[in-house]
There are 2 protein chains.
Amino acid sequence: MESSNYKILLVDDESDILEFLSYNLKKEGFQVSTAGDGKEAIEKAKKLHPHLIILDVMMPEMDGIETCEKIRSLPEFSDVLISFLTARGEDYSQIAGFEAGADDYISKPIKPKVFISRVKALLKRSGRVSEEGGNTSNGLISIGNISIDRERYLIIQDGKEFSLPRKEFELLILLVSRPQKVFTRDEIYSSIWGEKIIVGDRTIDVHIRKLREKIGDDYIQTVKGVGYKFVDAAN
Amino acid sequence: MESSNYKILLVDDESDILEFLSYNLKKEGFQVSTAGDGKEAIEKAKKLHPHLIILDVMMPEMDGIETCEKIRSLPEFSDVLISFLTARGEDYSQIAGFEAGADDYISKPIKPKVFISRVKALLKRSGRVSEEGGNTSNGLISIGNISIDRERYLIIQDGKEFSLPRKEFELLILLVSRPQKVFTRDEIYSSIWGEKIIVGDRTIDVHIRKLREKIGDDYIQTVKGVGYKFVDAAN
DNA sequence: AATAAGATTAACGAAAAGTTAACTTCTATT
DNA sequence: AATAGAAGTTAACTTTTCGTTAATCTTATT
């Protein structure tokens, strides 16, 4: 397992614990991000699409369980791994925690070795190795608020899942595979239809249009005389 | 079924999870013992002779699969029931667990009600099987309200049992082995018929149709131009 | 303003999948 | 070995969905 392929989001209100865990995970080569509360956690999760989110159960404002529920309620995170940090003897937190959708529990006090081995085991056993590096996570390709699940043939946008016809799906994957890059018509053409199949001039346009109709106009930009590119709508 | 007759051994390195499961099982009247690692599990199993052993797959040192193999290799435990706890989204087919001799899988996150009913179903079923004689490892795959009993070639749905012809059964197992994943026709084809056998275009369709006829239309979705996928009907 | 490139729309046709029944093969039983 | 019944496959046909086109409109660039 190449640890460095994995993104982990740590969430705790105590910066000491964040530092401690972060240090240990980074030493193992994980890509670690942190958040100090539930709200920040959800924001960062949307941006980063981590493989694993580790949540402290006890946090002011929004606790770990509530945060977990919120995250799980978004389809794009319906199968991200979530692990809780709990203090020993929190009787009812376990029950509520699994109801909320936790995959694992780690109890304080935390021993670095045990902690690391649990994290590794969780990632390894659940087998979500990212393909081709870059912006993939859980077999998802994510950019901005759009995720593409190639295995399930679904697009996930703003927490909503929907499917696309094959050609549109392929076209979107192509564009998203290199955000910002302008794909010429020829490139699109040969990548999606192949050299042998001959289609008319306006076919690509129509597919682009249908895509824009479904995901919104802001993502696919036309570069006149050249081609099309996918941009993160935020830009 | 009188729950109090049954002894269950829980094995997990996280004491919180042990407590949580233990609490829920005891509430139902089971006799529960616990162990924190594989070694302890084997010792306790020898002493207590439980009816069911529930093993977390992810444990440091000796993992659940190894522990399971060790236990099964002891003649006195050749037909104890063993169930695994696994993280979400694990691929049943890729799991060494059934080969190691697992009778059932329970995925985290664990919901108490589901957990209890699975445990009860397992104990109940095994009782019936053992009356009829030789029972090695049977293997029950469950998803949503459908369970597949590979040993007896039965589908259990809403408390009703029924059988399926071999090809339909294999097809269902394939799809269920990775819920949500779209299996292409080629994948289905080579997995169920193999490369050598040549069957016509509509053969898969017909099997899919027969399956839908029997389990209901909601479980198997068509992704046109790509293939089929199994979804939990709740979705 | 002219022109070229792209956008838009709806309609058409092809391809994929669904459906049904008939036919073949396999298996178990006598 | 004969045969009945079940399972599996095929063939013919229908339905649905998707991809493409054609015709027309809009926008950008010179």
Side-chain angles (χ1 to χ4, degrees), chain A residues 148 150 153-155 162-175 182-231, chain B residues 148 150 152-155 161-175 182-231:
Chain A
I148 304 171
R150 298 154 99 195
Y153 262 82
L154 290 174
I155 309 301
F162 56 93
S163 58
L164 290 177
R166 193 158 112 246
K167 281 273 184 305
E168 286 166 49
F169 197 82
E170 283 170 9
L171 179 53
L172 182 58
I173 283 182
L174 178 66
L175 295 176
V182 179
F183 288 86
T184 64
R185 278 156 178 279
D186 277 356
E187 283 175 317
I188 292 171
Y189 189 80
S190 73
S191 164
I192 292 184
W193 279 268
E195 307 296 350
K196 289 165 198 164
I197 296 151
I198 295 159
V199 289
D201 240 15
R202 304 264 63 74
T203 301
I204 289 174
D205 306 47
V206 173
H207 282 110
I208 290 282
R209 210 209 125 259
K210 285 179 177 166
L211 259 182
R212 284 178 173 154
E213 207 167 59
K214 285 163 188 165
I215 66 172
D217 285 341
D218 303 330
Y219 295 95
I220 298 168
Q221 284 179 6
T222 303
V223 181
K224 224 174 171 177
V226 190
Y228 298 92
K229 66 174 167 179
F230 186 95
V231 298
Chain B
I148 304 172
R150 298 156 110 205
R152 297 190 294 151
Y153 259 79
L154 288 176
I155 309 301
E161 291 184 340
F162 56 94
S163 61
L164 289 177
R166 195 163 107 249
K167 282 274 185 303
E168 286 166 48
F169 196 83
E170 283 171 8
L171 179 52
L172 181 59
I173 282 185
L174 177 67
L175 295 176
V182 178
F183 288 87
T184 64
R185 278 159 176 277
D186 278 355
E187 283 176 316
I188 293 171
Y189 189 80
S190 73
S191 163
I192 292 184
W193 280 268
E195 306 295 351
K196 288 164 198 164
I197 297 153
I198 296 158
V199 289
D201 243 13
R202 304 264 64 73
T203 302
I204 289 174
D205 305 48
V206 174
H207 285 293
I208 290 281
R209 207 203 129 262
K210 286 179 177 165
L211 257 183
R212 295 213 257 233
E213 209 167 59
K214 285 162 190 167
I215 66 172
D217 284 343
D218 302 331
Y219 294 95
I220 299 168
Q221 283 179 6
T222 303
V223 180
K224 223 176 172 174
V226 189
Y228 298 92
K229 64 177 163 179
F230 186 95
V231 298

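Source: prediction; values computed, not measured. Values below: all heavy atoms of this structure, side chains included; hydrogens, waters and symmetry mates excluded.
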For B:F183 and B:L174 the tightest heavy-atom approach is CZ-O, 3.3 Å
Of A:D205 and B:G227, whose closest DNA chain C nucleotide lies nearer the 5' terminus? A:D205
Tell me whether A:R212 contacts the main-chain N or O of A:I220 through its side chain, where contact means a donor paired with an acceptor under 3.5 Å. yes
Within the structure, does a side-chain N or O atom of A:R209 lie under 4.0 Å from either OP1 or OP2 of C:dT9? yes
Evaluation steps, side-chain contact (heavy atoms from CB on, under 4.5 Å), between A:Y228 and A:I204: CA-CA 10 Å; A:Y228 298 92; A:I204 289 174; 4.0 Å; yes
5' to 3' on DNA chain D, which nucleotides open and close the contacts with chain B (atom under 4.0 Å from a heavy atom)? D:dA7 to D:dT17
What orientation do B:H207 and B:W193 show, parallel under 30°, tilted 30 to 60°, or perpendicular over 60°? tilted
Counting only side-chain N and O atoms of B:R166, is one of them less than 4.0 Å from OP1 or OP2 of C:dC26? no
Length of the line joining B:D217:CG and C:dG18:P, which is rounded to integer Å: 10 Å
Interatomic distance where NE2 belongs to A:H207 and C1' belongs to C:dT8 [whole Å]: 15 Å
Atom-pair distance (CD1 on A:I220; P on C:dT8), nearest Å: 12 Å
Is there a side-chain contact between A:R212 and the phosphate of C:dA7, meaning an N or O under 4.0 Å from OP1 or OP2? yes
Grab the CG-P distance between B:L211 and C:dG18 for me, whole Å please. 12 Å
Between A:E213 and A:K224, who's closer to the 5' end of DNA chain C by nearest nucleotide? A:K224
Over how many whole Å does the gap from B:I188 atom CD1 to C:dA16 atom C1' extend? 14 Å
Atom CZ of residue position A:R185 - does it have more than 12 heavy atoms of other residues, nucleotides or ligands inside 6.0 Å? yes
Over all atoms of both residues, closest heavy-atom pair of A:R166 and B:G225: CD-O, 3.4 Å
Integer-rounded Å distance: C:dG18 P and B:K210 NZ: 14 Å
Round to the nearest Å and state the distance from B:I197 atom CD1 to C:dT25 atom C1'. 13 Å
How long is the span from the CG atom in A:L172 to the CD1 atom in A:I155, to the nearest 0.5 Å? 5.0 Å
Contact class for A:Y228 vs. all strands (heavy atom < 4.0 Å): base, sugar-phosphate, or nothing? sugar-phosphate
Just N and O in the side chain of B:T222: are any of them under 4.0 Å from OP1 or OP2 of C:dA16? no
Here's a test of your reading of the structure: between A:L164 and A:G200, which maps to the more 5' nucleotide of DNA chain D? A:L164
